[in-house]
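Since the structure is predicted, the reported quantities are computational estimates derived from the model, not experimental observations.
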Amino acid sequence: MEHGQTGGPGGRRLPQVLAAAALTLTLITACTALDGGEGAPSSPAATATNTATATAEPAVAPLREARDGWKVFTDPGRLLSFELPEEWLVQLIEPEPGVYAPDSLHYAVRTPEGVTTAELHTGIQTPETPCPDAERTPYFVIGSEPLELTGEAPVSADLEPRFVIRLITGFRFFAAYGITDQVGGADGLACTLSNTVQGGDALGRVSFGDLEVLAPKAPANTGPQTVTFGTIGEAQAYYDTPDFATIREMLRSLRIVPGTTG
């Protein structure tokens, strides 16, 4: 603003400047009200922005660094993590019928082609089914490796947590892989094989593999997703492939935050 004597050029411009400022302030106030100011409805753009902010999941920093060519998945509660190849995806899923604790986690790990390589479930509360002696059948362990999980000794379990590949006998050899802290049967006979470990109060029982429970099925109940083999040798050859080695490394990378188990 120019400063001059009253009645000079500067004085004549002062009312015009004040009027322009008042008009600008009025326009700013009006725009503020339209953008969701107190006592005024929000504009569609502001509403959409607020909705997106409220529903978007916050970024979760990984609990550890991944090896080259891999990435780390960490759940929103930062209770567990695992590594997976960079091009693979982790997606939320609806679990198959079963009993799970409230707020339990359910994820599928998939390749870019959409092939599910493993599922992760927590809060598993499905009760064990009775196993009459007449229904027990031989099972075989063709792969077993210890898991670090928390790096702490388990408080109570049939055995230390392990990654396992097991077969159970039906009209063919039914197969599954996953993590477990339970033996199938002391005498090599079982009705089912549980692929779960104790994850503590925060997580409950946890599964990470292709099946929570392995059980033989009648031919009429099998389908494309049922993995069976004609011989133990066929199963061993299948699980010795480089493709499966990647899955094995992913499952063995599972870590549960220390202090959550019990």
Side-chain angles (χ1 to χ4, degrees), residues 51-60 62-63 71-129 147 149 161 163-166 168 174-182 191-218 220-228 243-244 246-248 250-257 260-261:
T51 302
T53 302
T55 58
E57 285 192 6
V60 179
L63 291 172
K71 60 187 176 183
V72 174
F73 170 81
T74 302
D75 75 291
R78 297 177 61 78
L79 297 175
L80 58 80
S81 66
F82 61 88
E83 295 180 58
L84 67 158
E86 286 183 341
E87 67 274 16
W88 289 13
L89 308 172
V90 179
Q91 298 176 326
L92 284 168
I93 58 171
E94 288 293 328
E96 294 292 330
V99 183
Y100 299 94
D103 301 321
S104 53
L105 305 175
H106 305 282
Y107 296 105
V109 182
R110 297 188 170 111
T111 67
E113 295 75 29
V115 177
T116 300
T117 59
E119 292 186 4
L120 187 148
H121 302 279
T122 70
I124 300 169
Q125 298 178 340
T126 306
E128 294 185 11
T129 57
L147 291 176
L149 284 185
F163 163 77
V164 294
I165 307 169
R166 295 184 287 189
I168 195 166
F174 289 77
Y177 54 85
I179 60 176
T180 191
D181 57 12
Q182 298 174 293
C191 294
T192 61
L193 300 173
S194 175
N195 289 330
T196 66
V197 300
Q198 180 53 249
D201 294 339
L203 293 172
R205 293 209 68 82
V206 179
S207 71
F208 192 26
D210 61 346
L211 289 175
E212 287 181 22
V213 179
L214 172 63
K217 299 180 179 180
N221 294 330
T222 61
Q225 302 303 317
T226 306
V227 180
T228 66
D243 286 345
F244 186 77
T246 302
I247 298 174
R248 181 176 66 248
M250 179 182 70
L251 269 59
R252 294 186 66 242
S253 74
L254 178 67
R255 298 291 183 269
I256 294 175
V257 174
T260 62
T261 57

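Considering Ile256, Leu120, Thr74, Asp75 as possible partners of Phe82, the one that fulfils the side-chain contact (heavy atoms from CB on, under 4.5 Å) test is Leu120. Partner of Val213 under the side-chain contact (heavy atoms from CB on, under 4.5 Å) criterion, chosen from Thr126, Ile124, Thr192: Thr192.
Pro95 is linked by a side-chain contact (heavy atoms from CB on, under 4.5 Å) to Tyr100, His106, His121, counting only residues two or more places apart in sequence or in another chain. In this structure Glu128 satisfies the side-chain contact (heavy atoms from CB on, under 4.5 Å) test together with Gln182, sequence neighbours excluded. Partners of Phe163 by ring pair (Phe, Tyr, Trp, His ring centres under 6.0 Å), not counting sequence neighbours: none found.
Of the inter-residue distances, the one linking Asn195 atom CG with Arg205 atom CZ reads 10.5 Å to the nearest 0.5 angstrom. One distance of note links OG1 of Thr226 with NZ of Lys217; it measures 4.0 Å at 0.5 Å rounding. With values rounded to the nearest 0.5 angstrom, Leu251 atom CG is found 8.0 Å from Thr117 atom OG1. We find the OH-CZ distance between Tyr107 and Phe73 to be 4.0 Å, quoted to the nearest 0.5 Å. Separation of atoms CG (Leu80) and CG (Leu105) is listed at 6.0 Å; rounding is to 0.5 Å. With rounding to the nearest 0.5 angstrom, the CZ atom of Arg110 is 7.0 Å from the CD atom of Glu119.
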Inset, instruction - Evaluate the side-chain hydrogen bond (donor to acceptor under 3.5 Å, both in side chains) criterion for residues Thr196 and Ser194: first the C-alpha distance (whole Å), next the side-chain angles of each, then the deciding distance (0.1 Å), finally the verdict. - result: CA-CA 6 Å; Thr196 66; Ser194 175; 3.1 Å; yes
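Among all heavy-atom pairs drawn from Thr246 and Pro85, the shortest one is CG2-CG, 3.6 Å. Here the shortest heavy-atom pairing between Pro127 and Val99 reads CD-CG2, 4.5 Å. The nearest pair of heavy atoms linking Ala215 to Ile168 is C-CG2, 4.1 Å. Annotation for Arg78 and Val257: closest pair O-CG2, 3.1 Å, computed over non-hydrogen atoms. Pairing each heavy atom of Leu84 with each of Val90, the nearest pair is CD1-CG2, 3.6 Å. Smallest separation of non-hydrogen atoms from Leu203 and Thr122: O-CB, 3.5 Å.
Using a 4.5 Å cut-off on side-chain heavy atoms (C-beta onward), Leu193 and Phe174 make no contact. Side-chain atoms of Cys191 and Thr129, non-hydrogen and from C-beta on, never get closer than 4.5 Å to each other. At a threshold of 4.5 Å between non-hydrogen side-chain atoms, the residues Pro112 and Trp88 count as touching. Residues Phe208 and Val109 form a side-chain contact, since some pair of their non-hydrogen atoms from C-beta on lies under 4.5 Å apart.
Within a 6.0 Å sphere centred on CG of Asp103, heavy atoms belonging to other residues, nucleotides or ligands number 12 at most. Other residues, nucleotides and ligands place no more than 12 heavy atoms under 6.0 Å from the CD atom of Glu96.
A donor-acceptor contact shorter than 3.5 Å links the side chain of Ser253 to the backbone of Glu83. Put simply, the side chain of Asp210 never gets that close to the backbone of Ala176: no donor and acceptor are under 3.5 Å apart. Here the side chain of Asp181 pairs a donor or acceptor atom with the backbone of Gln198 at under 3.5 angstrom. Side-chain N or O atoms of Thr116 include none that pairs as donor or acceptor with a backbone N or O of Ala108 at under 3.5 Å.
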